[in-house]
Amino acid sequence: MADATDGVFRALLDRLITLGVERVFGVVGDGNVGFVRVVDEASRLRPDAPVYVRARHEAGAVSMADGFARMRRTVAVATLTQGPGLANAVTALATASRHRTPLLVVVGDLDDGQRSEHLQWIDQSAMLSAAGVSVVRADGRTPGAAEVAVARAAAGETVVLGVTPAGRILDAELRPEGGAPGAEDAPPLDDRELTDLLTLVERSVRPLVLAGAGGIQAREELIGLAERLGAPLLTTVQAKGLFTGAPSALGVVGGFATEATKRVTAQADLVLAFGAGLNRYTVDHGAAFGDAQIVAVDPDPDPLRRSPSVAPRLRRVLADGRLTAARLSAGVGVGSGARTAWWPRPEPETSPGAASGLLHPKAAMLALGRLLPPDRVLVVEGGSCVGWPCTYLDVQHPDDFVFGMDFGAIGVSTALAAGVAFARPDRTVVAVAGDGGFMMGIADLDTVARYRLPILFVVLNDECLGIEALLLRGLQAPTDPADYADGPTLQQVVSGFGIRAVRVTTLDELEAALSTTITVPTLLDLRIDGSIRPEWLRR
């Protein structure tokens, strides 16, 4: 199976072979997986084809190619994914450009039309122009763009070639929820609109109450409203933990919801959303709330925060969420009392096993929830592992949760966790990442070690780049470009920083590893079953 850019990539590869290019340095991502597949396939079949070299970080991939070109005095090639992948490498690109290294960097790019729906969209040409790097876009509207980029690189320039795919194989990014203006800046809810909302609420049979980042200050009012309506309480991932302890709380909604929660939300006929972005993953690609009417109470008028999939049944109310919730609660069911709950309370989550004998990531997260101090601060980043802690590892308040996927990047959790630990030395800071993201951000372990920040790093280790392995399987291609099983162990790596590391393959080993208080930087290398497809990627 090949994507729509396959011909572009094959023609580009043929041109690179004529130039004698020996290696392509890169990090595979969803924006460049097609090119990496073509290069890797050719290296198996043709002795004159370049070999793909798996770097750990995008900046490292560019610098490797830069050094190779300087030594060989020939064109070198690197490849990166779009958005955060390219942004990670800007410093290395600027260095190569100022040196006038003959370097071609093949990256993914996005159509301007994807701006509202793709978290990783950025004006790449503007970003690179500011860094003094040449850009050529192969978007189907510029004939011969790839050849122009190759010629400029051969002439001694550092050139970025952005290839815009006609279709996506897997779009696994989230848009951030974003905050909302303060209550003092929010417009008031007029009486006529209040009457209309009360009519909608009174007619509903299965309402639910949803809070996003903009609804955090309305916690008590929203709990009161849900009690009046007999409605379940849910949050977006950005407001994770807001309703911890409330009897009707069902956790996170959408792609990161449990299967039991998804069954409840799919039955709703009215969703009262307060300060929630309602992006594609909050609404689970339009499937989270069935055919329910959705009321978005939010002073933020930005339509880009909401998925087009819910537009036909979305009613926007530009008003302060806390005050609106209080007025709705006061006005609904006057004289008849609170409604009874319409939804069945889900059974407690159980810990599944993994057929391979390795850890099931869900079981590991549930165990961590029992074993760690309840006032923990949880830091997560992107990648295939992100859903497991977002779904199954609870926090007590949104302030205890740092969602590091604002740009869809991996490799950020170590630095984020360090900042949290500096700010809150009295709390247990837990950073959850995949092995790919952890290794990508490993340089910041030096800071953690020097300041002896007592961070617990939990690495869900399947020895590969999980999403990219799925992409390659979807292309019916070998997964070698995403495979890192032949590298050093995490224990070997972090020991150089003086960081304690424990390999964990069973729940008993996990419990033993956490039997003492974490007072020094500690790594738990959780060996998980990589064949288990992350729940949030199943739709």
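All values reported here derive from a predicted model rather than from experimental measurement.
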For the side chain of [X] and the backbone of [Y], is there at least one donor-acceptor N/O pair under 3.5 Å apart?
X	Y	value
D269	V205	yes
T479	A482	no
T261	L250	yes
D435	D462	yes
T244	V395	yes
Q120	G408	yes
T522	I518	no
S515	A513	no
T265	K262	yes
S248	P232	no

Supply the atom-to-atom distance [X] [atom1] to [Y] [atom2], rounded to the nearest 0.5 angstrom.
X	Y	atom1	atom2	result
L465	L470	CG	CG	11.0 Å
F256	D284	CZ	CG	10.5 Å
L272	S204	CG	OG	7.0 Å
D525	E509	CG	CD	10.5 Å
L110	W121	CG	CH2	9.0 Å
R376	L371	CZ	CG	9.5 Å

Just so I know, are the side chains of [X] and [Y] near enough to count as touching, which here means a heavy-atom distance under 4.5 Å?
X	Y	answer
V237	Y281	no
P207	W342	yes
V209	F274	yes
L318	D298	no
I499	P521	yes
M405	V380	no
L393	L378	yes
W343	R206	no

**Asked** Taking NZ, NE, NH1 and NH2 as the nitrogens, is one of them in R370 or E511 under 4.0 Å from a carboxylate oxygen of the other?
**Response**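 E511 and R370: not salt-bridged.
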**Asked** Do the charged groups of R527 and E463 touch, with an N to O distance under 4.0 Å?
**Response**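 Result for this pair is yes, salt bridge flagged.
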Could you verify whether a donor N or O on one side chain and an acceptor N or O on the other, from [X] and [Y], lie under 3.5 Å apart?
X	Y	value
D508	T506	no
T428	D375	no
Q82	N32	no
S495	Q491	no

Would you indicate whether [X], at its atom [atom1], is surrounded by more than 12 heavy atoms from other residues, nucleotides or ligands within a distance under 6.0 Å?
X	atom1	result
D486	CG	yes
Q217	CD	no
F422	CZ	yes
R315	CZ	yes

**Request:** Please assess M439 against L490 for the test side-chain contact (heavy atoms from CB on, under 4.5 Å), listing each intermediate value before the final yes or no.
**Result:** CA-CA 8 Å; M439 289 293 288; L490 294 182; 3.8 Å; yes
**Item:** Step-by-step side-chain contact (heavy atoms from CB on, under 4.5 Å) determination, R313 to F289
**Value:** CA-CA 11 Å; R313 48 202 172 97; F289 308 122; 4.3 Å; yes
**Request:** Would you check, one step at a time, whether the test side-chain contact (heavy atoms from CB on, under 4.5 Å) holds for L510 with L368?
**Result:** CA-CA 8 Å; L510 180 59; L368 284 171; 4.1 Å; yes
**Message:** Can you confirm if the aromatic rings of F401 and H397 lie within a centre distance of less than 6.0 Å?
**Reply:**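 No: the rings miss the under 6.0 Å criterion.
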**Message:** Between F438 and F457, is the ring centroid distance below 6.0 Å?
**Reply:**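 Yes, they do, as the ring centres are separated by less than 6.0 Å.
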**Asked** side-chain contact (heavy atoms from CB on, under 4.5 Å) between L208 and L234: does it pass, once the steps are laid out?
**Response** CA-CA 8 Å; L208 61 82; L234 299 112; 4.0 Å; yes
**Message:** Name the residue from V379, V402, D400 that meets the side chain to side chain contact (heavy atoms under 4.5 Å, CB included) definition with V429.
**Reply:**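 Testing each of V379, V402, D400 against V429, the sole residue satisfying side chain to side chain contact (heavy atoms under 4.5 Å, CB included) is V379.
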**Asked** Out of I294, L222, L278, L233, which residue meets the side chain to side chain contact (heavy atoms under 4.5 Å, CB included) rule with L210?
**Response**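 Among I294, L222, L278, L233, the one that satisfies the side chain to side chain contact (heavy atoms under 4.5 Å, CB included) with L210 is L278.
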**Prompt:** Would you call the rings of Y392 and W388 parallel, tilted or perpendicular, where under 30° means parallel and over 60° means perpendicular?
**Reply:**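 Ring orientation of Y392 relative to W388: parallel.
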**Within 45° cone and under 6.0 Å: R219 NZ/CZ vs F243 ring** =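 R219 over F243 ring: no.
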